[in-house]
Amino acid sequence: MYIDLNRIEFVITDACSGKCKHCSAGEHTSVGANVDANAAITAIKRLAGKFKIGSVMTFGGEPLLYADTVCKIHATARDCGIPRRQIITNGYFSHDGQKIDKVAEALCAAGVNDILLSVDVFHQEYIPLEPVAQFADALVKYGIPALRVQPAWLVNEKHDNPYNSETKRLVKLFSDKGITANDGNNIFPAGNALKYLAEWFSPPKQLDLSVPCGSMPYTSRLDAISCFCINPNGDVTLCSISIGNIYKQDALDIVESYDPYSIPAVRAVLDGGAAGLLRYAETLGVAAEISDCRSACGVCRKTMTAIKDKSDAV
């Protein structure tokens, strides 16, 4: 079997309460589909019965636009003995103080034990700080085991630019409350970030497309999977490919039937990296627009999407 699952991630919704200019996912809307809670619960139970799952994460978009679904997912993870139950959120889902308090209480009661709160100059350009701070205070009041600020840095944390200076000021407001900050993450040049912040990124270098699958940060080889993501439409995704849908198939069947070497595009990546995938795409008459890609993974994702689009159109 090519999947030994340790972690499940749920994109609760692609809808977001912000329109951040650093977002690698591009433009979001305030409305959108969301994960079906019952299907998610069934998937967690099935997978936890087979694998020793170490963590479940929910994120988005903004996951707490559908707080009830988030609570049901994490309560199920807790009941299945999954030790780490994590949310990434910008903390802005309501102006109503009573609702903010109620959601914070519900999350803690559902067993959420680690929350990463996205606070930085880019989020706060669109997201008012007051309800975010109120949400953080409520989480502390109800005894959240771990709450940390997760800032996004332009270039890197040490780079001297006005965006980072304002982010440091915002992070300090939370540190003054006793809420510490993670190292955060450096903004990746994709989506909105490439559209609005291109001047801060170095020009694209000649990419090494021969690097092996799974060698880039935060990736795994497609024949040695320990984590996958479930999208709002039910798709189970590994990097840029879908291997099934929990609304149509049993989650355990999806895992057990996955054979990367039976999927020509995936086999091409495993055998020859992104360069191998490009050669395979050429045999199909597929040419993805990859001129703005900053990594072999970006080339792989765009090419996989182009291959799928052509297949769907046939």
Which residue is it: Asp101, Ile100, Leu139? I am looking for the one with a side chain to side chain contact (heavy atoms under 4.5 Å, CB included) to Gln134.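 Exactly one pass, corresponding to Ile100.
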
Cut-off 3.5 Å, no hydrogens considered: what does the side-chain donor-acceptor table look like for residues 268-275, sequence neighbours left out?
none

Could you check whether atom NZ of Lys45 has more than 12 heavy atoms from other residues, nucleotides or ligands sitting under 6.0 Å from it?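 Incorrect, the count does not exceed 12.
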
Tell me whether the rings of His22 and Phe122 are parallel (<30°), tilted (30 to 60°) or perpendicular (>60°).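 Plane angle under 30°, so parallel.
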
Would you say that [X] contacts [Y] through its side chain, given a criterion of any heavy-atom pair below 4.5 Å between the two side chains?
{"X": "Tyr92", "Y": "His123", "answer": "no"}
{"X": "Lys168", "Y": "Glu166", "answer": "no"}
{"X": "Lys308", "Y": "Ser240", "answer": "no"}

Donor-acceptor contact below 3.5 Å, side chain Thr89 vs main chain Leu117: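 Not confirmed, Thr89 side chain does not pair with Leu117 backbone.
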
Worked verdict on Phe93 versus Phe135 for ring-ring contact (aromatic ring centres under 6.0 Å, His included): CA-CA 10 Å; Phe93 51 89; Phe135 176 56; 5.2 Å; yes

Please tabulate, for the side chains in residues 279-290, all donor-acceptor contacts under 3.5 angstrom to protein atoms that are two or more places apart in sequence or on a different chain.
| from | atom 1 | to | atom 2 | distance (Å) |
| --- | --- | --- | --- | --- |
| Thr283 | OG1 | Tyr280 | O | 2.5 |
| Glu289 | OE2 | Ser291 | N | 2.9 |
| Glu289 | OE2 | Ser291 | OG | 2.3 |

Could you walk me through whether Phe174 and Leu129 pass side-chain contact (heavy atoms from CB on, under 4.5 Å), step by step? CA-CA 11 Å; Phe174 286 83; Leu129 195 62; 3.9 Å; yes

Of the non-hydrogen atoms in Val155 and Asn186, which two are nearest, and what is the gap between them?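 In terms of heavy atoms, the two residues are closest at O-CG, 3.5 Å.
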
